[in-house]
Amino acid sequence: MHELSIVYNILEIVKEHAKNNNLNHINKVVVNVGEFCSLEENSLTFAFEALSKGILCNGAALVIQKTEAKAYCTHCSTEFKVTFMSKLCPICKGYSHQITAGYEILVSSIEGE
Amino acid sequence: MKQIVIKKSVLESNDKIAAMNRTLFNSEHVFTINLLGSPGSGKTSILENIISKISCKYNLAVIEGDLYTAKDAARIARYNTNVVQVNTGGACHLDAPMIYKALPYINTTNLDFLVIENIGNLVCPASYDLGEDMKVVVMSVTEGNDKPLKYPSMFQRSHIVILNKTDMLSLTDFNKEEFYQDIYSLNETIKVFEVSCRDGSGLDQLIDCLMRAIKNKKDV
Ligand SMILES: Nc1nc2c(ncn2[C@@H]2O[C@H](COP(=O)(O)OP(=O)(O)OP(=O)(O)O)[C@@H](O)[C@H]2O)c(=O)[nH]1
Ligand SMILES: [Mg+2]
Ligand SMILES: [Zn+2]
């Protein structure tokens, strides 16, 4: 449901960087979406198509790259991959709630001319 | 054709304002909770109970988020509590700028406790930091015990989960054992309170926990 506001913010960032780099048309927008973000890919694409019409990004492709979720174990000073259901450090088997990656939504890059 | 590497967070504009809210809450020593949960799970009912027990000891204020209407704010205003209604006009979550704009309507000097009741929704509000100290999520037994796994982000990011409407347990097929197993595998450090706003059970423990947190924040 909040895909619309997310896409709105994506387009604001794209606009700003297109302007700074003298791009008049954008062909591709790459975003990184953390595994722990509850974002629905189809809704993102749909919202992107709807909101990008008639402006700078008309017809541009939205590429969604999923990024792994990770946590940090303070005991072993190590970062490891986690999922919703398993957050145990592979070394000490202790539970870590220090999530270091997974919630982020980034505009990674844009392509245009 | 040019490629530009950006690597900029889409939530950055929200998080910047959230940090400003947090700075204000910290400098005024206001303990702030973001009260989350599905529609009708009992957020306002729990809040009413919290207010009637806490308002004689601490100064509190409420920000009520709703898509439309001021119904919840009107319920809270009956308790002579400082309340501001924020209508999102269709947006499915509160964001930090909405809170920032509501703050001038609350007197934060001498305030001890601020409750922000978010939009009834188990998905979107989890992603938006408002500047709160804690996220508290309310779910009720009538929703079924599978909700934590269906909406994992919300439960993973919360400090407290309130399981409400326990007076109705025997009428449902709610499986408590599964519920606890799921909730702790998502978030081993989460605190769980089983309450009923109908028969009042469990509310004292919840309120004690909140009062300790309010006091801790005052004393820092
Ligand atoms: N049986 C029972 N009913 C309850 C309990 N708590 C709340 N209710 C009822 O559940 C309904 C919804 O309660 P609210 O407090 O308005 O829920 P809410 O989460 O604030 O709802 P929204 O703000 O609209 O999302 C009301 O009819 C309450 O009377 C409870 O512990 N037991
Ligand atoms: Mg309510
Ligand atoms: Zn470890």
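Each chain gets a letter, A, B and so on, in the order its sequence line appears, and its residues count up from 1. Any value given below was found using the heavy atoms of this structure, including those in side chains, with hydrogens, waters and symmetry copies removed.
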Fill in the blank from the handout: Looking only at Leu186(B), Val5(B), Thr189(B), the option with the highest number of non-hydrogen pairs under 4.5 Å against chain A is Leu186(B)
Practice task
Count the heavy atoms belonging to other residues, nucleotides or ligands that lie under 6.0 Å from OH of Tyr180(B), then report whether that count exceeds 12.
Solution key: yes
Handout entry: Distance in Å, Asp95(B) CG paired with Ser5(A) OG, rounded so as to fall on 0.5 Å steps
Key = 8.0 Å
Handout entry: Closest heavy-atom pair and its distance - Arg157(B), Tyr103(A)
Key = CG-OH, 3.2 Å
Fill in the blank from the handout: Okay, Ile26(A) and chain B: the region with an atom under 4.5 Å from a heavy atom over there is neither
Fill in the blank from the handout: Taken to the nearest 0.5 Å, the spacing of Leu88(A) CG from Glu188(B) CD works out to 7.0 Å
Practice task
For side-chain contact (heavy atoms from CB on, under 4.5 Å), just list the numbers for Leu23(A) and Lys2(B), CA-CA rounded to whole Å, side-chain angles, deciding distance to a tenth of an Å, and then say yes or no.
Solution key: CA-CA 8 Å; Leu23(A) 299 177; Lys2(B) 265 204 286 190; 3.7 Å; yes
Handout entry: Contact summary for Ile6(A) and Tyr128(B), nearest pair of heavy atoms
Key = CD1-OH, 3.5 Å
Fill in the blank from the handout: Greatest number of non-hydrogen atom pairs under 4.5 angstrom with chain A, of Asp182(B), Val10(B), Leu11(B), Asn14(B), falls to Val10(B)
Practice task
Compute whether any side-chain donor of one residue and acceptor of the other, for Lys7(B) and Asn32(A), lie under 3.5 angstrom apart.
Solution key: yes
Practice task
Give a yes or no on whether Tyr72(A) atom OH has more than 12 heavy-atom contacts from other residues, nucleotides or ligands under 6.0 Å away.
Solution key: yes
Problem - Expected output: side-chain Ser153(B) to main-chain Phe36(A) donor-acceptor under 3.5 Å - result: yes
Problem - Validation row: Asn27(A), Met1(B) side chains within 4.5 angstrom (heavy atoms) - result: yes
Exercise for the section: Assess whether atom NZ of Lys28(A) is packed by more than 12 heavy atoms of other residues, nucleotides or ligands within 6.0 Å. Expected result: no
Practice task
Report the C-alpha distance between Ile6(B) and Ser109(A) in whole Å, list the side-chain angles of each, state the deciding distance to 0.1 Å, and finish with yes or no for side-chain contact (heavy atoms from CB on, under 4.5 Å).
Solution key: CA-CA 5 Å; Ile6(B) 301 179; Ser109(A) 64; 5.6 Å; no
Practice task
Evaluate whether atom NZ of Lys81(A) has more than 12 neighbouring non-hydrogen atoms of other residues, nucleotides or ligands under 6.0 angstrom away.
Solution key: yes
Exercise for the section: For Gln65(A), look at atom CD and say whether over 12 heavy atoms of other residues, nucleotides or ligands are found less than 6.0 Å away. Expected result: yes
Practice task
Hey, could you give me the CG/SG distance between Leu4(A) and Cys92(B), rounded to the nearest 0.5 Å?
Solution key: 8.5 Å
Fill in the blank from the handout: Separation between CD1 (Ile4(B)) and CG (Asn21(A)), nearest 0.5 Å, reads 3.5 Å
Practice task
Would you check, one step at a time, whether the test side-chain contact (heavy atoms from CB on, under 4.5 Å) holds for Leu149(B) with Met85(A)?
Solution key: CA-CA 9 Å; Leu149(B) 292 193; Met85(A) 294 305 283; 3.3 Å; yes
Exercise for the section: Examine distances only and state if a side-chain atom of Lys8(B) and a backbone atom of Val14(A) form a donor-acceptor pair shorter than 3.5 Å. Expected result: no
Handout entry: Largest heavy-atom contact set with chain A, pairs under 4.5 Å, which of Ala91(B), Pro152(B), Ser9(B), Pro125(B)
Key = Pro152(B)
Problem - Within 6.0 angstrom of Lys16(B) NZ, more than 12 heavy atoms from elsewhere - result: no
Practice task
Among Glu104(A), His25(A), Lys87(A), single out the residue with the greatest number of heavy-atom pairs under 4.5 Å to chain B.
Solution key: Lys87(A)
Problem - Heavy-atom donor-acceptor pair, His97(A) side chain to Gln156(B) backbone, under 3.5 Å - result: yes
Problem - Crowding at CZ, Phe80(A) (>12 non-hydrogen neighbours, <6.0 Å) - result: yes
Exercise for the section: Give the intermediate values and the outcome of side-chain contact (heavy atoms from CB on, under 4.5 Å) for residues Glu12(A) and Ser13(B). Expected result: CA-CA 10 Å; Glu12(A) 288 297 301; Ser13(B) 48; over 6 Å; no
Exercise for the section: Return yes when atom OH of Tyr184(B) has more than 12 non-hydrogen atoms of other residues, nucleotides or ligands closer than 6.0 Å, and no otherwise. Expected result: yes
Practice task
Let me know if Ile10(A) has heavy atoms under 4.5 Å from chain B in its side chain, its backbone, both or neither.
Solution key: both
Exercise for the section: Below 4.5 Å from any heavy atom of chain B, which atoms of Glu35(A) appear? Answer side chain, backbone, both or neither. Expected result: neither
